[in-house]
Amino acid sequence: MCGLNGIFAFHSASCLPSNAELLATRDAMRTRGPDGAGLWRSHDQRCALGHRRLSIIDLSERASQPMVSEDDRLVIVFNGEIYNYPQLRAELQTEGARFRTTSDTEVLLHLYARDGAEMVHRLRGMFAFAIWDDRKRGVFLARDPYGIKPLYTASDGWTFRFASQVKALLAGAQVSRDPEPAGVVGFHLFGCVPEPFTLYREIRALPAGHTQWVDGAGPREPKSFANIAAILAEGARNAAPDADLNATVRSGALDSVRAHLIADVEVGVFLSAGVDSGALLGLMRNAGQRDIRAITLAFEEFRGSPEDEAPLAARVAELYGAQHIIRRVSEREFREDIPAIFEAMDQPSIDGVNTWFVSKAAREAGLKVAISGLGGDELLAGYPSFVDIPRWRGRFGPLAKMPGLGRVSRALIGAFLPGFARSRPKALGLLEYANTWPGAYLLRRALFLPHELGQIMDTGLLREGLRRLNPLRYLERLVEPDPGSNVGRVCAFESAHYMRNQLLRDADWAGMAHSLEIRLPLVDVSLLRSLASSLPKLSSGAGKAALADAPSPPLPGEIVNRRKTGFGVPTGAWMDAAGRAPSGGDRAGAHKGAVSRRWSHVVLEALTSPSQAVAL
Amino acid sequence: MTAKLQMLALVTDAFGGSGGIAQYNRDFLGALTESGAVSSLAILPRHAPDRSVVPPGIRQSPARPGWINYALAALLRRWDRVDVVFCGHLYMAPLAVLVARQARAKLIVQMHGIEAFECPTRLRRAAVEAADLILCVSRYTRARVLSWATIAPERIVVLPNTVGECFTPGDGSRLRTEWGLDGKRVLLSVGRMDSRERYKGHDLVIKAIPELVANGHDVSYVILGGGDDQPRLEALASQAGVAGRVRFMGSAGQDTLVDAYRTADLFVMPSTGEGFGIVYLEAMASGSPALGLAVAGALDALADGELGMAVPEVEFAAALTHALDRPKPDPRALANAVRARFGRDSFTKGALAALDRVLEAA
């Protein structure tokens with residue numbers, strides 16, 4: 001887990017990379033890698049790589065980066081973990097590869113030397129890396145299929161730059177800050193910036209599951225090598241209605257947890273009172289981990305109330321023999337941390353605060369690595385969206401197919417029932433969006449609907465942003481090829497939009513701000529493949545029940561039947577309070593959607609004019 | 001590289017034309033044919049004042065000045081098999097899309113400068129977005145295109161102008177004597193004085209002259225190029241009390257231009273609207289140091305300050321004084337540095353790489 005960056009002056013007219021820029025970008029990512037830092041330059045000085053290291057596998061100096069292959073041909077900077085590296089290493093050794101370290105980084109070097117760009121198909125894990133190929137005079141970049149690890153690129157036509165964070169690229173002071181209207185509109189629509197866009201036109205995410213090649217002829221368009229929808233579609237073609245769901249989930253999840261435990265440092269776990277993290281803790285025990293520290297976030301406001309997760313989490317910790325650490329957070333600490341949160345937040349996000357605190361707690365406990373249950377709701381149909389979206393499509397889709405009906409009804413309700421229009425803005429969109437899958441999903445996940453944005457954004461920026469983002473087309477691409485079932489479609493949307501752009505990004509910046517690697521056994525392509533054929537027929541609640549049943553002993557019934565709260569219920573109220581102007585304002589009607597909307601303004605303002613954040 | 005590649009070029013002008021765009025087209029198309037990458041090239045120009053200069057192996061059709069006439073010629077003529085259509089100007093991009101689709105050919109659209117700085121009509125924007133590859137002369141032009149076109153940034157490639165072989169360091173004393181500039185510190189600008197544009201920055205130089213003189217620099221400011229803004233600039237020089245030091249020498253032929261560059265102590269053009277600024281390169285290739293603003297395409301020609309000086313406008317007057325205080329750099333070293341980045345070899349390499357890129361595009 002680390003921070004990486006690079007500058008490649010690929011054009012014959014460009015200036016050589018400066019050390020000042022390379023260092024400024026690298027060291028803006030100090031918290032991603034506090035254990036070491038390195039630099040490397042090609043012989044002709046045209047390519048320079050930087051790296052900050054958080055040592056987790058092979059803690060020795062030999063494994064530091066940038067790492068150069070024995071023959072000097074290849075140089076790598078890598079952020080992430082390759083969980084199947086022991087198997088790959090053994091395979092490569094059999095073929096004669098000689099290893100100088102026990103790191104997964106060196107495995108990547110040898111694998112590239114053998115397979116070239118095709119290497120990515122062999123990797124299980126979370127990764128973003130860049131390999132300089134001296135023979136071909138170019139850089140090969142890759143990012144994992146789910147997009148757990150970030151990688152941002154910027155090309156001005158002469159020089160190609162990349163880094164693990166948007167803010168790190170900006171810190172180098174050579175990348176344009178011209179705004180990207182699609183990124184701004186995307187944030188208002190979703191509460192996170194949909195990739196590949198960022199808030200800046202020149203900076204783009206290398207899309208999840210893509211590779212990119214850059215040589216003297218410039219950067220090529222990123223190429224897809226893995227696609228969530230395609231894996232789901234493949235599963236639907238081989239649907240296994242009679243398979244034992246519980247057994248499939250058990251073996252798949254245990255296999256994933258086992259793979260995710262590989263490390264030369266202690267691996268802890270985030271533990272809530274929910275199914276996902278509890279099951280993972282049990283599976284960690286089943287996988288053979290003896291000493292486990294489990295971190296639970298709790299809130300002063302809830303102490304002693306049914307909403308307090310700590311007592312139930314303590315029962316789960318006890319069940320699986322984990323050392324339980326309960327970390328209580330108060331509104332005061334939240335307010336004190338806001339400036340640091342905004343500073344760490346790489347791109348605007350309306351979430352991530354809970355991950356910030358649980359990561360902080362893990363780091364306080366001395367952990368470098370923690371397992372998280374993130375991804376369980378996307379994979380096993382745990383969100384209400386798995387029910388809502390198909391239902392909306394069924395009920396309102398036929399009506400919404402009538403041309404113009406949606407807009408007309410919205411205009412009429414806005415004119416005659418303005419109160420309803422204000423309090424239920426999304427209900428107004430049902431007749432406009434429910435006729436397509438992307439439309440129904442937009443309705444489910446939108447912070448603001450497109451027709452509302454005119455009230456909060458400059459019209460020109462909005463028009464251009466909508467044109468460039470094309471939200472419905474953007475969402476449509478996430479379900480291409482068609483995953484073949486309702487569960488599959490929603491799973492693809494939630495995994496490739498919400499989880500990728502919101503949850504995974506939040507886990508990255510909030511974890512990295514505390515130099516903590518968050519590992520996600522439920523966000524694993526091997527696990528997805530093993531479950532894909534079972535998903536089309538998954539009934540409501542069955543997936544989570546199967547996961548609860550996966551560890552031995554299984555999770556107690558009170559966990560399974562508990563109303564879902566997730567981590568951190570009071571943060572919504574805190575955000576609501578912090579998101580209000582100092583003059584106060586109407587506190588009535590502060591439901592979750594309204595809170596998120598207000599909070600989004602605070603976040604965007606803080607991230608686009610940093611001086612504002614401190615004054616909050 | 002694909003063998004026997006056939007290309008059709010739709011251009012405003014190329015061989016027999018004048019000006020920067022025609023030069024670029026000649027350089028680009030010449031590089032592709034001379035290297036053998038393109039085996040057959042047909043050019044359809046809108047203007048071609050002098051047809052006698054078309055090199056052997058290139059077919060250039062008679063010029064078609066009118067738009068309708070031109071479009072009909074492009075669409076109705078039965079071209080040989082065409083693999084790649086090169087469109088030399090944004091204004092022709094919609095037509096080029098039709099021709100390329102008809103021929104099932106790849107499409108390259110060339111962007112120069114000011115025409116691409118603001119969002120064009122919807123039709124032209126759609127045409128640009130439909131191209132397989134966009135070539136821009138500078139990073140700035142590329143950034144402007146990306147600001148209005150929804151297109152993968154990887155499909156927009158910078159291929160800078162190249163500097164002509166005739167621009168080399170040498171003795172400029174003959175012209176200096178002829179123009180009565182012996183003993184003077186000579187500042188030189190080359191560019192049109194267009195009253196509708198006024199971005200070349202002549203005003204800034206004229207206004208800076210009194211302070212240069214006060215600091216002991218006996219300067220003359222030579223302006224090459226014509227244009228309807230000259231009377232206003234003459235009046236400005238008079239108002240500033242430097243009319244005798246500002247010399248409007250009109251448009252110059254190539255020989256005079258080379259000598260003018262060679263004789264200049266400093267090429268100075270604080271322009272704010274260059275697509276690229278080929279004149280900075282010509283000056284430096286001829287051995288004259290160059291000063292411009294760190295604005296738009298000039299930054300490319302000045303290589304971010306590594307070849308010439310590129311300063312913010314507020315620092316321009318101070319930078320001008322500073323430049324004259326320093327000794328003139330070694331002309332040969334400067335010329336070599338310019339050729340290393342913007343010489344013919346680099347240009348040919350870039351042109352071939354661009355062709356490869358368009359052919360590898362799915």
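Note that the structure is a prediction, hence the values are computed from the model and not measured. Chain A is the first sequence line, chain B the second, and so forth, proteins listed ahead of strands; every chain is numbered from 1.
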Item to complete: Might you confirm whether atom NE2 of A/H43 has over 12 heavy atoms from other residues, nucleotides or ligands at distances under 6.0 Å?
Response: no

Worksheet item: Do B/R341 and A/H11 touch side chain to side chain, with heavy atoms closer than 4.5 Å?
Response: no

Discussion item. What's the separation between atom CD in A/E180 and atom CG in B/L146, rounded to the nearest 0.5 Å?
Written reply: 9.0 Å

Practice prompt. For A/R477, look at atom CZ and say whether over 12 heavy atoms of other residues, nucleotides or ligands are found less than 6.0 Å away.
Written response: yes

Worksheet item: When heavy-atom pairs shorter than 4.5 Å are enumerated against chain B, which of A/P181, A/A13, A/G218, A/P196 gives the highest number?
Response: A/A13

Discussion item. Tell me whether A/R473 at atom CZ has more than 12 heavy atoms from other residues, nucleotides or ligands lying less than 6.0 Å away.
Written reply: yes

Item to complete: Go through the atoms of B/A149 and report whether side chain, backbone, both or neither lie under 4.5 Å from a heavy atom of chain A.
Response: backbone

Worksheet item: What option among A/E221, A/R204, A/E464 has the most heavy-atom pairs under 4.5 Å with chain B?
Response: A/E221

Discussion item. So which residue, B/D300, B/L307, B/D304, ends up with the most heavy-atom pairs under 4.5 Å with chain A?
Written reply: B/D300

Discussion item. Does any backbone or side-chain atom of A/S176 lie under 4.5 Å from a heavy atom of chain B? Answer side chain, backbone, both or neither.
Written reply: neither

Worksheet entry | Interatomic spacing from CZ in A/F160 to CD in B/E154 - rounded to 0.5 Å | 7.5 Å

Worksheet, complete the sentence: One option among A/G157, A/P179, A/P222, A/G216 has the most heavy-atom pairs under 4.5 Å with chain B, and it is A/G157

Fill in: Within-4.5 Å side-chain heavy-atom neighbours: B/P153 and A/E202
no

Fill in: CZ (A/R463) with more than 12 external heavy atoms under 6.0 Å
no

Worksheet entry | Minimum-distance pair of heavy atoms, taken over all atoms of A/C15 and B/A303 | SG-O, 3.4 Å

Item to complete: Could you tell me whether A/Q45 atom CD has more than 12 heavy atoms of other residues or ligands within 6.0 Å of it?
Response: yes

Discussion item. Restricting to non-hydrogen atoms, name the atom on A/D156 and the atom on B/V158 that form the minimum distance, rounded to 0.1 Å.
Written reply: O-CG2, 4.4 Å

Discussion item. Under a 4.5 Å cutoff for heavy-atom pairs, which residue among B/S147, B/A152, B/A354, B/C136 has the most contacts with chain A?
Written reply: B/S147

Fill in: Heavy-atom neighbours of B/E313 CD exceed 12 at 6.0 Å
no

Fill in: Structural part of A/R220 lying under 4.5 Å from a heavy atom of chain B
both

Worksheet item: With only heavy atoms counted, which part of B/R139 is less than 4.5 Å from chain A, the side chain, the backbone, both or neither?
Response: both

